[in-house]
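A short write-up of the structure that comes next.
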Amino acid sequence: MITASPAARITPDAPAADWRQLWREAVTDAGELLDLLGLQQLVDQLPPADAGFQLRVPRGFVARMRHGDPRDPLLLQVLPQLAELGEVPGFVVDAVGDMAAREARGVLHKYAGRALLIASGSCAVNCRYCFRRHFPYGEEMAASNHWREALEHLRRAPSINELILSGGDPLSLATGKLEELTQELAGIPHVTRLRIHSRLPVVLPERIDDAFIHWLASLPLQKVVVLHANHANELDASVDAACARLREAGATLLNQSVLLKGVNDGADTLADLSERLFAAGVLPYYLHQLDRVQGTAHFEVDDSRALALMEALRARLPGYLVPRLVREVGGDASKRPL
Ligand SMILES: *Cc1c(COP(=O)(O)O)cnc(C)c1O
Ligand code: SF4
């Protein structure tokens, strides 16, 4: 994981740095995960351990999986499958043209008014369907060198009013490292909004600790936190508590999901997710069609089925609980609605 050097840390993290401990204790061995869930019989179906993108899942997230169920929707998001090894035409390494939109180290400026920083390459969970399995994070971290290149780009681009911290997971960074960025942002008056894209409030809600909330609440910016949950079972009381703290700190909470075969490709499942999110104070924002990333084809839901699911959702939910179904297409001026 990425840690700030002690000298760069402005606010010390909470004494026991509890979330870091939990991060380090994540399950990284597929055999152990299957043991914990009583699914030893699946061991023979695992791909070789060195197949490239390591299993990683915090124990608190494992605890939300159903024991003994090989089809559990949380398990399917994290368990390596042999299907990942096959090459499928059309599924490529850089599926969304990110490298073409690069402006400075770790800065992607694709859409009007918004710059997205690849703040960190680390995640608490490795999601099998993710583009991150191939992204060259080694060279592309905005947080390196005290955010200098990213800040220079922002200063020179007065059209940018919203800064998006993404990754990897930007909340993998120490709070002091985030503070280093936002102190500099104060000197860039055209940036008025800070958006954070993070799966940590869902998969490791302990990350939303006192020091983090203190930092967030103190920012002289409008704040949006976009969570990432794909199934209602991902949300439990610990996630509710993290969301409540984020809202109290002044953040608007949204969620993005990925439409995933076998995980959430049912109208009931998606409706339950929207309802559960709203119960936590979170509005559904995007439902993404899968990026066609190599090794993820077995998760794809075809467009006609995706559109039928949206119609079913509209028929049963209030409009504000229906996410926008979108696909990311390289070169477009926005996410493309289906
Ligand atoms: C998705 C994305 C955004 C944010 O788009 P919104 O439609 O505002 O949520 C910004 N920049 C990049 C590079 C993106 O991929
Ligand atoms: S970037 Fe998001 S989707 Fe990808 S592995 Fe990290 S948490 Fe999962």
Side-chain angles (χ1 to χ4, degrees), residues 1-2 23 26 52-58 61 74 76-78 80 94-104 106-135 137 140-142 150 153-154 157 159-173 193-204 207 224-231 234 252 254-260 263 283-291 293 295-296 299 323-337:
M1 66 179 282
I2 312 295
W23 180 300
F53 188 53
Q54 193 192 21
L55 177 136
R56 164 169 281 280
V57 54
F61 195 74
L74 279 54
L76 292 177
Q77 294 179 54
V78 302
D94 182 13
V96 292
D98 271 346
M99 296 320 289
R102 177 188 186 276
E103 291 282 346
V107 180
L108 299 179
H109 189 179
K110 273 198 205 174
Y111 304 150
R114 288 148 290 171
L116 183 146
L117 301 194
I118 310 284
S120 157
S122 297
C123 291
V125 63
N126 281 343
C127 309
R128 306 316 299 177
Y129 50 86
C130 182
F131 68 92
R132 199 172 68 90
R133 48 192 306 141
H134 305 296
F135 201 80
Y137 283 104
E140 291 296 328
M141 234 73 83
H153 179 73
L154 291 176
S159 69
I160 295 172
N161 63 0
E162 178 168 348
L163 179 63
I164 303 172
L165 299 184
S166 185
D169 202 308
L171 298 193
S172 65
L173 298 172
R193 274 202 300 274
L194 180 71
R195 187 192 324 180
I196 298 173
H197 284 180
S198 176
R199 194 146 163 59
L200 272 165
V202 174
V203 301
L204 193 67
R207 172 65 186 93
V224 181
V225 177
V226 183
L227 312 179
H228 173 180
N230 300 315
H231 193 282
E234 292 174 45
T252 297
L254 305 173
N255 181 67
Q256 48 187 345
S257 307
V258 182
L259 184 57
L260 298 167
V263 172
L283 282 173
Y285 179 37
Y286 282 141
L287 177 62
H288 292 271
Q289 264 297 36
L290 188 77
D291 296 329
V293 173
T296 67
F299 284 117
R324 303 158 179 80
L325 178 67
V326 293
R327 160 172 290 124
E328 191 158 346
V329 180
D332 273 18
S334 71
K335 308 276 186 249
R336 184 181 290 184

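Order of appearance sets the numbers: ligands from 1, and atoms from 1 within every ligand. Because only heavy atoms are used, hydrogens play no part in the values below, and waters and symmetry mates are left out as well, while side chains stay in. Nothing here was measured: the structure is a model prediction, and the numbers come from that model.
For V226, no heavy-atom contact with ligand 1 is shorter than 4.0 Å. No part of E162 comes within 4.0 Å of ligand 1, judged by heavy-atom distances.
To the nearest 0.5 Å, atom CZ of residue R199 and atom SG of residue C123 are 9.0 Å apart. In this structure, CG on L116 lies 10.0 Å from CD on E162, to the nearest 0.5 angstrom. Distance check: L290 CG to L259 CG gives 8.5 Å after rounding to the nearest 0.5 Å.
Under 2.8 Å from atom 4 (Fe) of ligand 2 lies no N/O/S atom of C123, from backbone or side chain alike. The distance from atom 8 (Fe) of ligand 2 to the nearest N/O/S atom of C127 is under 2.8 Å.
For Y111, no nitrogen or oxygen atom sits less than 3.5 Å from a nitrogen or oxygen atom of ligand 1, counting backbone and side chain alike. Taking only nitrogen or oxygen atoms, main chain and side chain alike, H197 does not reach within less than 3.5 Å of ligand 1.
Taking a cut-off of under 4.0 Å to the non-hydrogen atoms of R114, the atoms of ligand 1 that pass are 5 (O), 6 (P), 7 (O), 8 (O). Atoms of ligand 1 found under 4.0 Å from any heavy atom of Y285 (numbered from 1 in listed order, with element): 6 (P), 7 (O), 8 (O), 9 (O). Within ligand 1, counting atoms from 1 as listed, the ones closer than 4.0 Å to a heavy atom of R195 are 4 (C), 6 (P), 8 (O), 9 (O). The I164 neighbourhood of ligand 1 comprises atoms 3 (C), 4 (C), 10 (C), with distances under 4.0 Å to a heavy atom of that residue.
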Task: Test log, rule side-chain contact (heavy atoms from CB on, under 4.5 Å), inputs I160 and H153 - done: CA-CA 10 Å; I160 295 172; H153 179 73; 4.0 Å; yes

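At least one side-chain heavy atom of H197 sits under 4.5 Å from a side-chain heavy atom of Q256.
For R128, the side chain to side chain donor-acceptor pair (under 3.5 Å) criterion is met by E84, not counting sequence neighbours. With sequence neighbours excluded, the residues forming a side chain to side chain donor-acceptor pair (under 3.5 Å) with N230 are Q77, Y129, H228, listed by chain and number.
Residue V125 places a heavy atom less than 4.0 Å from ligand 2. Contact annotation: E328 has at least one heavy atom less than 4.0 Å from an atom of ligand 1.
Counting only distance, with no hydrogens or angles, the side chain of R114 and the backbone of A112 share a donor-acceptor pair below 3.5 Å.
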